[in-house]
Amino acid sequence: VAGVSDPFVLVHLSDPHIGATWAQPDPLGGFAAAVERVARLKPAADAIVISGDLSDHGSAAEYQQVLDRLSSLAAPVFVLPGNHDDRGAMRDSFELSGSGAEAINYSVDLGALRLIALDSTVPGEASGTVDVEWLDSELSAASDVPTVVAMHHPPMRIGIPAGDEMGIASEQLGELASVLERHPQVLRLIGGHVHRPVWGRLGGRTVFSGPSTYVQMTLDFTTHEVVLSDEPTGFAVHLLRDGELLTHVSSLPS
Ligand SMILES: [Fe+2]
Ligand SMILES: [Fe+2]
């Protein structure tokens, strides 16, 4: 089909936390390093998604720094909010549809792939929730197009209490699973928030949370506190090829 590239390359950046001062090094350095590596990808990225926590304080100035770094990339960039973001400021900075502080839910047709951005944030809270009915109707509207659902809070339990306690409630994971079972075109659910690459399953689909470009969370299955790690930052690349989605992680030198 003309205009549809194969493979289709979806770059997945997460949790740059521009403006944060609670870990080293400077968040802009990690984000810029990721963007530089993305710029060298072959073939070039077809689209880029950033799965939330773009800024640490949700300010227009921090979003402008994100936009400045992204300006070297040719591919369209799609963003969604994390718990550190501000819906209104993000909406203004990235010219998203809707208004003010309403949830940032939207779909984009990228040719070979449909991307659904699903807002999982609750203003003022670290934990998440999603509009399951909206997702169900959005998926019903294009049931035959391979689809990736992107959100900030990965819809799975990662086994690290500190991460799971700021996740999506178990009841809602059950509702999401039933929706997914009705929509086999969903190839992957992707997120961030837990600042580690983690794979899981929900409703028969693979769920993936991508690494942060700022700082990772320590691998500790007992801690209820978020403990930061010196593991490398990175980003993911989802490759749609012959109807199958593959997920790669690229780590960046510290
Ligand atoms: Fe984050
Ligand atoms: Fe987060």
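In each ligand, atom 1 is the first atom listed, and ligand 1 is the first ligand listed. For clarity, every value in this text was computed on a predicted model and none was experimentally measured.
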query: Checking side chain to side chain donor-acceptor pair (under 3.5 Å) for the pair Thr247/Arg188: CA distance, chi angles, key distance, verdict?
result: CA-CA 9 Å; Thr247 296; Arg188 191 81 87 245; 3.2 Å; yes
query: Hey, does Val11 have a side-chain heavy atom less than 4.5 Å from the side chain of Leu73?
result: no
task: Write out all pairs satisfying salt bridge (Lys or Arg N to Asp or Glu O under 4.0 Å) with one or both partners inside residues 33-42, taking only residues at least two apart or from two chains.
output: none
- prompt: How would you list all residue pairs meeting ring pair (Phe, Tyr, Trp, His ring centres under 6.0 Å) that involve residues 85-137, not counting sequence neighbours?
  reply: Tyr63-Phe94
query: Any ion pair linking Asp86 and Arg91 (charged N to carboxylate O, less than 4.0 Å)?
result: no
Below 3.5 Å, can you tabulate the donor-acceptor pairs from side chains in residues 190-208 to any protein atom, sequence neighbours excluded?
| unit_1 | atom_1 | unit_2 | atom_2 | d |
| --- | --- | --- | --- | --- |
| His193 | ND1 | Asn83 | OD1 | 3.1 |
| His193 | ND1 | His152 | NE2 | 3.0 |
| His193 | NE2 | Ala126 | O | 3.4 |
| His193 | NE2 | Met166 | O | 2.9 |
| His195 | ND1 | Val215 | O | 2.7 |
| His195 | NE2 | Asp15 | OD2 | 3.0 |
| His195 | NE2 | His17 | NE2 | 3.1 |
| Arg196 | NH1 | Met217 | O | 2.6 |
| Arg196 | NH1 | Glu231 | OE1 | 3.4 |
| Arg196 | NH1 | Glu231 | OE2 | 2.9 |
| Arg196 | NH2 | Glu231 | OE1 | 3.1 |
| Arg201 | NH1 | Gly204 | O | 3.4 |
| Arg201 | NH1 | Thr206 | OG1 | 3.3 |
| Arg201 | NH2 | Gly204 | O | 3.1 |
| Arg205 | NE | Gly203 | O | 3.4 |
| Arg205 | NH1 | Leu180 | O | 3.3 |
| Arg205 | NH1 | His183 | O | 2.8 |
| Arg205 | NH1 | Val186 | O | 3.3 |
| Arg205 | NH2 | Leu180 | O | 2.5 |

query: With a cut-off of 2.8 Å, how many protein N, O or S atoms neighbour the Fe ion (ligand 1)?
result: 4
